[in-house]
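Have a look at the structure below before the remarks.
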Protein chains: 2
Amino acid sequence: MNLSIAEENYIKSIYKLQEGDTVVTTNALAYELETKPASVTDMAKKLKEKLLIDYEKYKGFTLTTEGRKMALQIVRRHRLWECFLVDKLSFSWEEVHELAEELEHVRSEKLTSRLSEYLGNPLFDPHGDPIPDANGKLTKPRPQTSLDQSTARKVVVTAVTDQSTALLAFLNAKHIKLGTQLEVIEHYEYDNSIEIKIKQQPPITISEQVAKNIMVRPV
Amino acid sequence: MNLSIAEENYIKSIYKLQEGDTVVTTNALAYELETKPASVTDMAKKLKEKLLIDYEKYKGFTLTTEGRKMALQIVRRHRLWECFLVDKLSFSWEEVHELAEELEHVRSEKLTSRLSEYLGNPLFDPHGDPIPDANGKLTKPRPQTSLDQSTARKVVVTAVTDQSTALLAFLNAKHIKLGTQLEVIEHYEYDNSIEIKIKQQPPITISEQVAKNIMVRPV
DNA sequence: TTAATTATTTAGATTTGTCTAAATAATATT
DNA sequence: AATATTATTTAGACAAATCTAAATAATTAA
């Protein structure tokens, strides 16, 4: 099955939005892909035709087994390229998403497996997301909660769920990156903001909105 | 100036065919791009509009200064990716062309310069072709002649001009690659075939056609 | 349960890059 | 120089991916 770049992007986004067995709606997908609902309907017909999604008018979409397989291959390539850019070319983790978005569309099983091998067959990308193996098998994600839900005092940052430039820039300014150790000092119930301390730095306060997008694992 | 992948491929092919100041013809470009002359004419109008080529009806095309600049950037990316695939991912030099053909279209100055740096700012790609620097400056190609014109007895293979799978497979079978040392034993005037010897291997005979496509440098 | 709102789809148009078939220009041949 | 051949361009069509505006279905609220 040979997909166009556009089709790959749709499949990837449906995968991303599907989370479990949720049905993906037309509007949600249009928003995710920064396109119009009418365009999504058009593409949905094509993907159904190719047996990559289940789709009935007005009922939303879910990936078929074949579609999920495709999605996992794309995700695999995306995350491996992110590793490459960070580990080998010294990009910072907030810069790599866009580039990986392009590199992921080079479809070569041989390239992908060689790249993976070269990187030491990593299990997680720089954002902490698991990398599917060649068969599409995902390593169980590390036990993690969002910072606003965490009860532990000492935690490590394992992922950031919102990839917006705004958030990533904010975290960068505060010197918070993957692997950064945080100590939770105080949880203010009034607005759910959190006071944290990073080693050798003065404590800072983080809004609930930010805390929700920082994933952590107890140390 | 933001070019589509199709436009980039046209610019690159015109650059390739232009060699010096030759005017590129519609048919030659159509053949190179494996497309139809009518399509070439269509695209020529667009590229002229964008000031990347000089073009008058029935008179062929040449790149403008701006067009040549674009071409050199694409060529730079292509050849750097070839280096990466061979040096880092252990691909053999005859496999990398197609993959580089795709990777070259990721347009990021930062990625390109980081990649170049990571590879040690190489001056030549695995086929022996010079890599333009960030400003589009080309290193003078190494002094080389085709094997059929070479007068030296001992030579090194520096490049292969014909990238066809057939030739590359042939060379592979004979264990001839970039950097291979050859000793010219005999030049048969009858059919211009050449008898050569590779270290620790029995002598082999090579047709004029093959010899024309193997570039060598005296040792 | 009807009306209002929101979500989704359809119809028809647009852009990019391509094609075939026919027309025209340039070049080669006699 | 007239004719034949080859190269190039034009005209008109098509597929992919998108869009806007209008129509229709589903959902929510009164």
Side-chain angles (χ1 to χ4, degrees), chain A residues 1-18 22-63 67 70-71 74 101-102 104-107, chain B residues 1-18 22-63 67 70-71 74 101-102 104-107:
Chain A
M1 178 73 65
N2 230 9
L3 302 186
S4 68
I5 290 179
E7 288 169 331
E8 283 199 346
N9 284 331
Y10 273 87
I11 289 295
K12 190 174 51 135
S13 291
I14 295 170
Y15 175 82
K16 182 178 170 187
L17 295 176
Q18 203 172 320
T22 330
V23 164
V24 176
T25 67
T26 306
N27 270 0
L29 191 49
Y31 182 80
E32 171 72 22
L33 286 163
E34 299 180 65
T35 184
K36 298 291 137 92
S39 309
V40 171
T41 302
D42 289 345
M43 184 60 95
K45 289 175 189 163
K46 287 183 211 161
L47 295 176
K48 182 191 176 164
E49 189 66 28
K50 294 193 171 190
L51 305 178
L52 297 171
I53 65 173
D54 291 316
Y55 166 56
E56 292 304 330
K57 265 195 197 180
Y58 298 102
K59 299 272 173 66
F61 345 102
T62 52
L63 292 175
M70 293 274 104
I74 304 163
E101 206 80 349
E102 301 198 51
E104 75 189 6
H105 296 297
V106 179
R107 291 169 278 268
Chain B
M1 179 73 66
N2 230 7
L3 302 185
S4 70
I5 289 179
E7 288 168 332
E8 283 200 345
N9 283 333
Y10 273 87
I11 290 293
K12 190 174 49 135
S13 291
I14 295 171
Y15 175 82
K16 181 177 170 187
L17 295 177
Q18 203 171 319
T22 330
V23 163
V24 176
T25 67
T26 305
N27 268 1
L29 191 50
Y31 182 78
E32 171 71 22
L33 286 163
E34 299 181 65
T35 182
K36 297 293 138 92
S39 309
V40 171
T41 302
D42 289 344
M43 183 59 94
K45 290 176 189 165
K46 287 184 211 164
L47 296 176
K48 183 192 175 164
E49 190 64 31
K50 294 194 171 190
L51 305 177
L52 297 171
I53 64 172
D54 290 316
Y55 166 56
E56 292 304 329
K57 264 194 195 179
Y58 297 105
K59 298 273 173 65
F61 345 102
T62 52
L63 292 175
M70 293 275 102
I74 304 164
E101 207 79 348
E102 300 198 51
E104 75 189 6
H105 296 298
V106 179
R107 289 168 281 268

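Chain naming here is simple, since letters A, B, ... match the order of the sequence lines and numbering starts at 1 in each.
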query: Tell me: NZ of Lys45(B) to C1' of dA11(D), nearest whole Å?
result: 10 Å
field: Separation of atom CG in Leu47(A) from atom P in dA16(D), rounded to whole Å
entry: 13 Å
query: What is the distance from OH of Tyr58(A) to P of dT5(C), rounded to the nearest Å?
result: 19 Å
- line: All heavy atoms of Met1(A) vs all of Lys50(A), minimum pair found to be CE-O, 3.5 Å
- request: Kindly say if Thr41(A) contacts the phosphate of dT10(C), meaning a side-chain N or O under 4.0 Å from OP1 or OP2.
  value: no
- prompt: Can you check whether Ser4(B) has a side-chain N or O nearer than 4.0 Å to OP1 or OP2 of dG17(C)?
  reply: yes
message: On DNA chain D, compare the nucleotides closest to Pro37(B) and Lys46(A); which residue's is nearer the 5' end?
response: Pro37(B)
task: Report the distance from atom CD of Glu34(A) to atom C1' of dT18(D), rounded to the nearest whole Å.
output: 15 Å
query: Under 4.0 Å: is that the gap between some side-chain N or O of Thr35(A) and OP1 or OP2 of dC19(D)?
result: yes
query: Any Lys/Arg nitrogen of Glu7(B) or Lys46(B) sitting under 4.0 Å from an Asp/Glu carboxylate oxygen of the other?
result: no
task: Considering non-hydrogen atoms only, spot the tightest contact between Leu33(A) and Ser13(A) and give its length.
output: CD2-OG, 3.3 Å
- request: Let me know the distance between CG of Asn2(A) and P of dA15(D), rounded to the nearest Å.
  value: 19 Å
- prompt: Base, sugar-phosphate, or nothing: which does Ser39(A) touch, judged by heavy atoms less than 4.0 Å apart?
  reply: base
query: Atom CE of Met43(B) and atom P of dT10(D): how far apart are they, to the nearest Å?
result: 16 Å
- request: Write down the atom of Leu63(A), the atom of Gln18(A), and the distance for their closest heavy-atom approach.
  value: N-OE1, 3.0 Å
Which residue lies more 5' along DNA chain D, comparing Phe61(B) with Lys59(A) via nearest heavy atoms: Phe61(B)
query: Under the criterion side-chain contact (heavy atoms from CB on, under 4.5 Å), which of Val23(B), Thr22(B), Val24(B) is the partner of Leu17(B)?
result: Val24(B)
- prompt: Can you check whether Asn27(B) has a side-chain N or O nearer than 4.0 Å to OP1 or OP2 of dT6(D)?
  reply: no
Side-chain N,O (Thr26(B)) to OP1/OP2 (dT9(D)) below 4.0 Å: yes
- request: Could you tell me the separation between the NZ atom of Lys36(B) and the P atom of dA22(C), rounded to a whole number of Å?
  value: 16 Å
message: What is the separation between atom OH on Tyr10(B) and atom P on dT18(C), rounded to the nearest whole Å?
response: 5 Å
